[in-house]
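Below is one structure, written out as structure tokens; the observations come after it.
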Amino acid sequence: MPFTKRKTRVAGIGRRTSRTGLIAMYAVLIVAAVVVGFPVLFSFSLSFTPLSDIINGIYIPTSLYLENYVNAFEAQPFAQFIVNSFVVGIVGTALQIVFSMLAAYALVFIPFGGKRIIFLVIMATMMIPAEVLVVTNFQTIRAMGLIDTYAGLILPGVATTFGIFLYRQNMMQIPGELKEASDVAGLSRFQFFIRVVVPMVKNTTVTLAIYFFLVTWNAYLWPLISTTNDTARTVQIGLRTLNSSEGMSDFGMMAAGAVITSIPTLALIFFGQKRLQEGMTKGALK
Amino acid sequence: MAKIVCKDLKKSYDGKTEVLAGINLEIQEGEFFILVGPSGCGKSTLLRIIAGLEGVSAGELIMDGKLANEMLPKDRNLTMVFQSYALYPHLSVRDNILFGLDVKKVAKDEQERRLAEAAELLGLTDYLDRKPRALSGGQRQRVALARSVCSQAPLCLMDEPLSNLDAKLRASMRVEIRRLQQRLGLTVVYVTHDQVEAMTMGDRIAVLSNGRIQQLGTPLELYNHPANEFVATFIGTPQMNMAIAEVQPEGLVLNDDVVVPLSAEDRAKLPAGTRWKVGFRPEQVYPATATSVHQVDVSVVSSEMMGNETLIFFNVGSELFTARWQGQHRVETGAALRVSLDPRYAHFFDVNTGALVRAAEDLDEQGARSTSVVDESLAARMEAAPAAPMA
Amino acid sequence: MAKIVCKDLKKSYDGKTEVLAGINLEIQEGEFFILVGPSGCGKSTLLRIIAGLEGVSAGELIMDGKLANEMLPKDRNLTMVFQSYALYPHLSVRDNILFGLDVKKVAKDEQERRLAEAAELLGLTDYLDRKPRALSGGQRQRVALARSVCSQAPLCLMDEPLSNLDAKLRASMRVEIRRLQQRLGLTVVYVTHDQVEAMTMGDRIAVLSNGRIQQLGTPLELYNHPANEFVATFIGTPQMNMAIAEVQPEGLVLNDDVVVPLSAEDRAKLPAGTRWKVGFRPEQVYPATATSVHQVDVSVVSSEMMGNETLIFFNVGSELFTARWQGQHRVETGAALRVSLDPRYAHFFDVNTGALVRAAEDLDEQGARSTSVVDESLAARMEAAPAAPMA
Amino acid sequence: SGGGDTTTTENGKTVILLWNSMDGSRGDALQKIVDGFNEQSDEFEVQSEYQGSYDESTGSFFNMAGGSGAPAIVQIGEQNLQSMIDSGLVANVSDLIEQTDFDDSDLLEQAVNFYTYDSSMYAMPFNSSCPVVYYNQDVLTEAGVTELPTTFEGLTAAAEQIAAASDVTPVGLFAYGYAMDQMVTNMGGYVVNNENGRKERCTEVAYQDQIKVLFDWVKSLNDAGQLTPFSSEDDAISGFSQRQCAIYIDTSATARQIIDAADFEVSIGFLPVSEGTEAEGIYAGGGALCISAGLSDDVARGVMEFCAYATSADVQATWAGDTGYFPISTGAYETDTLSKIYTEYPQLEVSANQLRNSKVNNITAGPLCSQLPQLRTDLETALESVFNGGDVDAAIETAVNSTNSAIESANAGVA
Amino acid sequence: MALRSKRSLAGAEAAGAAAVAVPPKEAPGGKRSLAGWVYLLPSIAIFAIFVIYPFARTIITSFFATTPAGGLTQFIGLSNFITLFTDPLYTQAIANTLIYVVLTVPLTIVIALLLAVLTAQDLPGMGIFRTIFSATMGISVAAAAVFWNLLFNANSGVLNRIIEFFGGEGVGWLIDQNFALVSVSIISIWMNLGMAYLILLGAIKSIDDSYYESVDIVGGGFWYRLRRVTVPLISPSLFFVLTVTLISAFQSFGLIDMLTQGGPNNATVLLIYRLYRDAFVNFRIGSASAQGVILFIVIFAISYIQNKLTESKVTYQ
Ligand SMILES: Nc1ncnc2c1ncn2[C@@H]1O[C@H](COP(=O)(O)OP(=O)(O)OP(=O)(O)O)[C@@H](O)[C@H]1O
Ligand SMILES: Nc1ncnc2c1ncn2[C@@H]1O[C@H](COP(=O)(O)OP(=O)(O)OP(=O)(O)O)[C@@H](O)[C@H]1O
Ligand SMILES: [Mg+2]
Ligand SMILES: [Mg+2]
């Protein structure tokens, strides 16, 4: 076995595909890419187009028109929102990572009664629609005095079924011998966790970190409900606020807002794409 | 004092089938103890019980004189080389080798010293900063061994530690491990399926099958006095040729087919009874000479020439017999062959129970076939063949 | 007609290092062709090029007389047994074996017929409905073989197909594969690292190293006339003992240490020159007799008794030499030993290039050491040792 | 702040927390009012916080009520009034008016009418708008329509003329529940029973006859191919701007944007009634300010002070100019600010007049019903089914049943 | 690892078996301990407070009549449930939801699978394609609604302009009741594509080359490879994606809220959207709670059935 990192050469379509096959494949891909990418590119284009043009069906900017962005930033404290989103995203992500990791470790490596039930209950929570929970959670958060705080925004989401599930799948792939070898070497349970399990699930951690960040960044209902003012609000609320509920929307400004809120996440995907795709697979292997 | 004592040790994973059905053995301090047996017979299970990674269902495990059934692995002061290496993929070779030493509060410079020594010994000095994934299978196995060496625990358990090395490397590792064990006075329990390792490395071998120890003894005891048919066919390669033998007026009839003529002297020497299972080792199926008494004529099924030796296959009844001769011999398939099957070299087993009735003769009291290399007659015999110039 | 012809075949994965640096060979229709070589030498690569799974960087690959460089794998009408089995975990053994036959439009009843035959042959009949994961390593490998058998393609490529079987099973599979190949008249290209397989199964062996074919020939040609030092040490186990030899007045000096006395006749027979690399096979390092001319006294470093043979290690200069003697011989470490190192049995290699200067003598024109088993003198020699009753 | 405790700013002003639902540019306009108030007040500081839609804001208010961080003032939509009253969490504004000597004489009576139940006002009117009919005057002129129609029949006739004269589809509509119940009111019908829930709590809808007139009209247009259904308000606005239709119905709050964006002349007319009936007028929908119950006297005073400021003539005039809502204080109509705007955009005055000309009775008080959002959704659904060729009676029946059952189940909770 | 779970299962069976030869014993120190709970505590606590507790309250509330603010006023038994099931609009919401799930889930997976298959190989340009196809994962519902609204507007939308440019006839994407659910489904597929694509791509890339080489030698074509090799070998990932997509389809509320609000003619009222309206717009908390319970049961049941149906087809390596 060569130990160099090998390229995938035959997966999917086959290495020795005929020329016409290859052309067909690229054609399909390009069409798909245009279809998938179009909404985003189109909005990007709109964000530089004046509203009067848009209403009259002109979607391509004729000049570098930045007014929409200026308007968006003027209409909403986007800078503040972006900071909030980052704080909530990063802290929330970190906590979700830690919580899921600890829980998965217990589920995989520590024998104790009731494990199976616990796991099933955790899985079942995924099926509870979030909409029925927010009102009660709002009251809980309020009782804790956490309205309008980052903590209030973050706390209800720090335990995630998805994270526990993915970590569990990943940890189950850690050979039992590694635990046994450290038993023999005299490591405690926590030492094994820190020294072996945490580094070994690194890929999943990266994956989940990106995923959690995206989810937190894109969350809408809870941030809206659990905040009453702009101090802790996130970009999605800002975007929502741009959208006028009565009368006509300023398409250009909304497109600009949508672009503003999407840029950090798109950048994350752009740079994290590879890690994501590696780590995501882990969840599927039992 | 015995290092490890197993008293009627039983183990079942599912509460139904007993993987170990009552193991009794004592392993002495400083002994190199080998466990062999067919795949799935429970070798790894026994090793893991000794390590404390697996509980016992019944019986006692005594280590250093103390009942150890419930002792935690880390309190047993041992080290283990896992069949699958158990290397930590995120740690460098160096950290893998030193894994756990800090927990045992071994000082940094002492760690470095041991590391240097072990790496040197196992030829890993150049690889210390690599991750296991960048090592070949053989190198990985050596890292696992190095970890064991560094830990310097007095008891070392090894589960097929050389299985993934190529022949050349395996040969040198055999020598190194044995040397190390002797130098440090380690007690080693060693699982293998390799005949050569079993025969050359161990002080004693236990043959496990069906959850029980079939035989326990030195390598040569097992080879020369196999306790039963199972051990006889398990030890030695190519495996021992087995046939049902019956004494008849015309001689010893093998598998109702081949008749080995018997002299009166031969008949007198046969064990009690008239029907046995008999076993001939392939290297004791000789070509018949003009003076051979025990010659039988067989027809060659096939042959394999292997450079330094030739295997010749022929049928005895429904069984395929193998003869193993030194040198290269061109034998045509279907050729008639006259071989000598001397009952002196045969092992006799009870035809029902498979228990040994009588081992082959021609062995000294320790079971070896000759005593000293400076014996002139041996030399004569050994060189006799090639010394005669070819026509 | 030659089935496969490689003309100056080159392959590089990264455009820098050539994994194959110009391979020339012809494989005949119906031939059992074996590829051996150290790990990473390009055996699998060559096999995959023949299969069409890998392109060539330069040179020509001709199959059935047609240039095949760009031919698609499916058009080559061959079958391949992968080193990693390539069994589909979601398919039962049955479906794994039959995999691909539907693409080839083989009728259902014909499929069933082949399946039954292959399963029978490989002892898989009881496992047909299992999934691969419920099989042991050996059984999996047999399924991979069965798939190949069922496809009945005239060319079969096998990449270490027996590596995961235990010794007993491996022995029987060797025989079965060879038998099958002969019955169906298949052309087989077979990669292995196992000496026994290489020596016993192949019509011809190619030894690959450094991207080139070091030698191409029948197993015995390679054993008896190794083209160079590499082949000499690669073929044969334990490996050939090598030493630098120099003719001196007192005899042949090995590694500036051991002096082998030479008779005038010996000197006359030496190849031209005064300094070579010489190689003695372990089984030709005999104990010296009273009449031995070529005796040298050595001191035993260690020995391994293996039931049917004993390996004795001693130093010649800085090199460890091995002697391999039949039978069990108790040899103390440090004992003085007088062995015979007859230059007739030595292979001589050019000290710089390693090329063979002169092979060992004592070989018939085909390179085998004796011709017929019914030769009385052979029998005498073979049985001589044990026939003499022990004192 | 509202609820229990009172917070003050660093410079000692009492904080009045205001929850609003003014998104987009309207948010800026509201902030302007708040800033204006804060500037002139030494005692109070209003802090305005956006809480999503009226409905979301109302929900949050329910959850938050009484706790710290709860607002003193919450802006609601007309559809939330009954729920607010039911919750018991809002103050009786009439009482406060009395307590604080607030001068309510200038408030538009039509607006007061809507927010009053059982002779108590439960929210301070603030931002009102109403649906109107928009016309592409160029197309009308081209087709020879000289007068803006005021009846369905007139609209049909105009549509036919347009269809004959140009290739523009005459009428465009989107499912707009608010416009529909306003039209019911305008035609003189009760939207819900018990006199629009003004006599006692409503138990079912009462709009059937008027809605049938409307739907029949829509159906006839649709069958004649003279109707373009739009998917949303935005869709309708751009459709109208791009001459995909010549006539459409939308809120008056959009008027300025539409007039600005269109490259043709835009006219605005009253909602239609059936021929021969007199227009009853409309109710004052839009937003209003609810005041949290149980405020400290101090805060309550501040709240009313803010209300006084926010409903004052000048502020309302500016607000109207900034947003398109029309002023709810009569004085505002006399200000220069507004007359300037009306000079520039005479169309805006038309929409204001529609409200100001409305009669004042229980019909034009508008529906008081906790399930008003559901009622509108059901009407929208019904209209969409008519767009899609569905049977008018069946569509109405489905809507009636759905709304009635919603009202029943909601009433069970407060009974 | 497989052994580990087998062992515990075997242990459980043994406990129930009548005649036990030898009782299996845990490894020393492997005794049941409290340690597991310590590690689980943070997550369990959060789940208990923010999921289980509110859901329990939801279940209780579902049996009550409520004030708009959610106060319980009167125990009414199953009345909330009965009202729902006699409401034809609710039944329609069930039907819509099922149609929506059937439209989105399989298509999302099939499209994601095809794209993943086509881009799994390391050919030039694949990095760009992979980034584009996974990008939708980073788009929030709010942003997606903005993007697609601009495309789908029946009159001003670009899509219809493009269609008309090519001589076709525009479609009332979000307004035509025959198209609205399909249109929303298209957006939903677009949104969920990214994640499904990434997971499947990863899975395909981890398939050993030799499986494909084996097909190469036999000569199976694109569909044969897909059907006989790729799909079965990534079946665990497919299963995972199916489960996640299914659950999220049942819970996709944002798009509906922002694009169609359930219209036209209730064509896009999904269970979750109806729940949202009743809870957050109509303030009928009791009914909304009942809907929450129903939705949970439906998701649970369908996941369960899905699990049972596909279980045998999933092969873990
Ligand atoms: N965790 C387990 N649960 C149930 N059965 C087990 C478990 N581990 C091993 N077994 C069974 O116990 C028997 C003995 O297994 P063990 O691993 O000890 O064999 P082994 O002698 O080491 O074989 P090999 O030479 O193949 O390594 C086997 O039949 C195996 O199937
Ligand atoms: N896809 C690849 N990309 C780059 N290098 C490769 C690739 N495949 C093989 N190699 C390199 O080519 C050389 C030959 O590899 P190959 O697999 O043919 O060896 P081999 O003779 O089969 O070895 P083994 O006995 O270990 O199977 C090795 O050095 C290996 O690292
Ligand atoms: Mg084992
Ligand atoms: Mg290889």
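First the proteins, then the strands, lettered A, B, ... as listed; each starts at 1. From a predicted model like this one, the values you see are computed outputs, not experimental measurements.
- In this structure, B/Phe280 and B/Asp342 approach most closely via the heavy-atom pair CE2-O, 3.4 Å.
- Of all the heavy atoms in C/Ala198 and C/Val36, the pair that sits closest is CB-CG1, 3.8 Å.
- Residue with the most contacts toward chain B among C/Ile235, C/Val339, C/Thr200: C/Thr200 (heavy-atom pairs, distance under 4.5 Å).
- Only the side chain of C/Glu309 comes within less than 4.5 Å of a heavy atom in chain B; its backbone stays farther off.
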**OP:** Take C/Val231 and C/Phe234, measure what side-chain contact (heavy atoms from CB on, under 4.5 Å) needs, and give me the verdict at the end.
**Re:** CA-CA 5 Å; C/Val231 176; C/Phe234 196 80; 5.5 Å; no

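- Along residues 175-182 of chain B, the residues that come nearer than 4.5 angstrom to chain C, judged on non-hydrogen atoms, are B/Val175 in order of number.
- Shortest non-hydrogen contact noted between C/Leu311 and C/Pro238 is CD2-CG, 3.9 Å.
- Of the listed residues C/Gln195, C/Glu283, C/Met201, the one with more heavy-atom pairs under 4.5 angstrom with chain B than any other is C/Glu283.
- Contact between C/Gln328 and C/Thr310 at its shortest, heavy atoms only, is CA-OG1, 3.4 Å.
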Subject >> C/Arg324/B/Gln326 under side-chain contact (heavy atoms from CB on, under 4.5 Å): CA gap, chis, key distance, verdict >> reply: CA-CA 11 Å; C/Arg324 177 166 172 263; B/Gln326 284 299 294; 4.3 Å; yes

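- Of the N and O atoms on the side chains of B/Glu160 and B/Tyr190, not one donor lies less than 3.5 Å from an acceptor on the other residue.
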